[in-house]
Amino acid sequence: MNDIAILDYKMGNLFSVQCALNFVGIKSIITDDIEIIKNSKSIVIPGVGAYPEAMKRIKEKKFDKIIYEFNEKKKLIIGICLGMQLLFSESYEIKKTKGLGLLKGDVKKFNEKKQNGSYTSFNVGWNEILLNSKKNIKNNYLNNLDKKKMYFIHSYHINTLEKSINTSSSFFYKKKFVSSVEKENICGFQFHPEKSGPDGLKIYKNLKKNLINYESTI
Amino acid sequence: MNIRIIPKLDIKNHNLVKGINLEGLRVLGNPRKFAETYYKEGADEIIYHDVVASLYQRNNLTSLIKNTSENIFLPMLVGGGIKDVNEVEAILKSGADRIFLNTAAIDNPKIIDDIVKKFGSSTLVVSLEVIKSDNKFICRKDFGREETTKELVSWIKEVEMRGAGEIIITSIDTDGTGLGFDLVLAEKLSKNLKVPYIVNGGISSIKQIDDLLNCSNPSGIAIGSALHYSYIDQSFKKKDSLDGNIDFLKKNKNYRNFGKLKISNIKNHLKKN
């Protein structure tokens, strides 16, 4: 049995995610085979690219059903970058598109003022994550990572009224945005832990601990 | 924003090479080992550039990218000779996060649209190799070998309009010299660019970085020679087997006028300001 199935819908840098999982000793497989996915302990929804196309492919491959099934069984679901955004209700990227709706909130484009007066929406580079201390967060994926820098590459960000799921925030120019979320068995990262050096790898190490804990509870 | 410090590794036939003004490529060692050193030293991103790919019409880096991904957890920007969407896919699949294009974009600007449509703006960086001529900056292709009629500012506008997520600008005049990036060019970029940009060519000291940031606001600074020569003792071992012209490596090392430039020193300096 694989610890983690990395959902292969031909978008994003799946190989790097697998390398990071390998590095910390989590057995994973990049796959679109529903049976293999079902038999995994956890799933990673990766993703780079446009929201509507990603949702279309997720539905074509019937990944949505299996994600809901995982959620009902309270198995770990991990969303990275676009993969995290897909967990929310809807996005305004290109056109209004319904997401998986496991978390409440929508996805909007940045439009922030630069030093030279022009506006920008593209956040590429390293930003600090500022942890929100919340009592109801049971997993400590971001343990000891307060104010550490992670690698971001995105133009859209999460808007959510569900403040309790927001585990860390970051800044793009003056805009404070949601950089990670967690709710029960679901977690999401707007940045790429697998591209964020030794600090990013710590998140995968924490994930490994939680996978082991999960085994004992289910 | 935090300015990224990006080691740029030029690759020819599996070797790390470096020239001056994009010419006279000298073999410096195994690129993967240098990348590993830069990762440990705190680099923000790695650039791999197959510098002969454009000439031979093929990019040769997928196995290097794969090997690198296994234990170097940094964003990787890869380019050189890419001319269609399938090649982009192969490179991304190997573990690269983004790709850059120069020659193919100049020959057929529509390829920018195609790549943006398929992979999104954030995956595409357009590379410009510019040379100063009568106070104008003119773009070149094929790693600086071929002249074109593209003028810097008008080409930037077109590339932005077509959806490039970021632009990397190499000053051929300062590349490999260690004399600092061309500040006239830097100022021009700051005035004319809307998308984030990386500057490349000539940086070899912290003072030069300060001078650059006084007149420009790049999102990243790519550095080649100054880092390679600073870290060569750590990254190259005499027993490494290499093909190509390695006479330089066999000789007693005399690395021209480059001082020691450490990634950690640059980053600490930038943090203070």
Side-chain angles (χ1 to χ4, degrees), chain A residues 8 10-24 30 47-51 53-54 81-82 93-94 112 114-128 149-156 170-173 191-204, chain B residues 1-6 38-46 62 65-77 89 91-98 116-123 125 160 163-166 189-198 213 216-220 267 271:
Chain A
D8 184 7
K10 303 279 179 269
M11 286 179 90
N13 189 346
L14 315 183
F15 185 63
S16 297
V17 175
Q18 188 171 41
C19 288
L21 292 171
N22 264 346
F23 195 83
V24 302
I30 297 173
V48 174
Y51 203 101
E53 179 69 19
C81 196
L82 175 65
E93 182 169 356
I94 304 172
E112 313 308 323
K114 293 203 297 187
Q115 292 95 327
N116 69 2
S118 67
Y119 284 80
T120 179
S121 60
F122 187 41
N123 181 22
V124 53
W126 295 70
N127 299 104
E128 283 183 0
K149 284 185 177 169
M150 299 290 164
Y151 178 72
F152 289 81
I153 179 160
H154 61 132
S155 303
Y156 289 77
S170 299
F171 281 91
F172 178 50
Y173 291 95
F191 49 90
H192 290 272
E194 70 283 0
K195 288 287 168 179
S196 298
D199 284 330
L201 289 175
K202 282 182 189 158
I203 295 177
Y204 286 108
Chain B
M1 272 305 281
N2 307 302
I3 294 153
R4 285 170 286 146
I5 300 301
I6 313 171
Y38 297 146
Y39 173 56
K40 286 180 189 149
E41 291 288 322
D44 293 314
E45 186 170 358
I46 298 275
T62 48
I65 303 165
K66 270 191 183 158
N67 288 335
T68 306
S69 299
E70 279 164 19
N71 61 352
I72 296 175
F73 299 99
L74 279 186
M76 227 190 300
L77 171 58
E89 193 155 3
I91 289 172
L92 296 176
K93 222 178 153 182
S94 310
D97 300 276
R98 303 194 290 163
V116 167
K117 198 172 160 207
K118 179 129 196 228
F119 304 98
S121 284
S122 60
T123 304
V125 176
E160 281 185 330
E166 197 169 27
L189 296 172
S190 160
K191 280 186 185 146
N192 287 290
L193 267 153
K194 288 202 188 80
V195 298
Y197 60 96
I198 301 167
L213 297 181
S216 199
N217 55 354
S219 53
K267 294 191 71 173
K271 215 183 276 175

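Because the structure is a prediction, the values reported are computed rather than measured. By convention in this document, chain letters (A, B, ...) are assigned in the order of the sequence lines, proteins followed by strands, and residues within each chain are numbered from 1.
Between A:Leu82 and A:Ala54, the shortest heavy-atom distance links the atoms CD2-CB, 3.7 Å.
Between chain A and the residues B:Arg98, B:Lys118, B:Glu166, the most heavy-atom pairs under 4.5 angstrom are made by B:Arg98. Listed options B:Gly220, B:Gly42, B:Ser94, B:Ser190 were ranked by heavy-atom pairs under 4.5 angstrom with chain A; first place goes to B:Ser94. Ranked by heavy-atom pairs under 4.5 Å with chain A, the first of B:Glu89, B:Glu70, B:Lys93 is B:Glu70. Most heavy-atom pairs under 4.5 Å with chain A, from the set B:Ala43, B:Ser69, B:Gly120: that is B:Ser69. Listed options A:Leu14, A:Leu201, A:Ile30 were ranked by heavy-atom pairs under 4.5 angstrom with chain B; first place goes to A:Leu201.
Contacts between B:Ser122 and chain A at a heavy-atom distance below 4.5 Å involve backbone atoms as well as side-chain atoms. Within the 4.5 angstrom heavy-atom criterion, atoms from both the backbone and the side chain of A:Pro198 approach chain B. Heavy atoms closer than 4.5 Å to chain A are found in the backbone of B:Leu193, but not in its side chain. Both the backbone and the side chain of B:Asp97 come within contact range of chain A, each with at least one heavy atom under 4.5 Å from a heavy atom of that chain. B:Pro75 touches chain A through backbone and side chain together, each having a heavy atom under 4.5 Å away. Heavy atoms closer than 4.5 Å to chain A are found in the side chain of B:Tyr39, but not in its backbone. Using a 4.5 Å cut-off between heavy atoms, B:Leu92 contacts chain A through its backbone alone, with no side-chain atom that close. Of the two parts of A:Ala50, neither the backbone nor the side chain holds a non-hydrogen atom closer than 4.5 Å to a non-hydrogen atom of chain B.
In this structure, A:Phe191 has its ring center at least 6.0 angstrom away from the ring center of A:Tyr151. Taking the centre of each ring, A:Tyr204 and A:Phe23 stay at or above the 6.0 Å mark.
Salt bridge present: B:Asp44 and B:Lys267 bring a charged side-chain N and a carboxylate O closer than 4.0 Å.
By the neighbour-count criterion of 12 heavy atoms within 6.0 Å, atom NZ of B:Lys191 is sparsely surrounded, having that number or fewer from other residues, nucleotides or ligands.
Taken to the nearest 0.5 Å, the CD1 atom of B:Ile6 stands 9.5 Å off from the CD1 atom of B:Ile46. To the nearest 0.5 angstrom, A:Asn123 atom CG is 9.5 Å from A:Glu112 atom CD.
With contacts defined as side-chain heavy-atom distances shorter than 4.5 Å, the pair A:Lys195/A:Asn13 qualifies.
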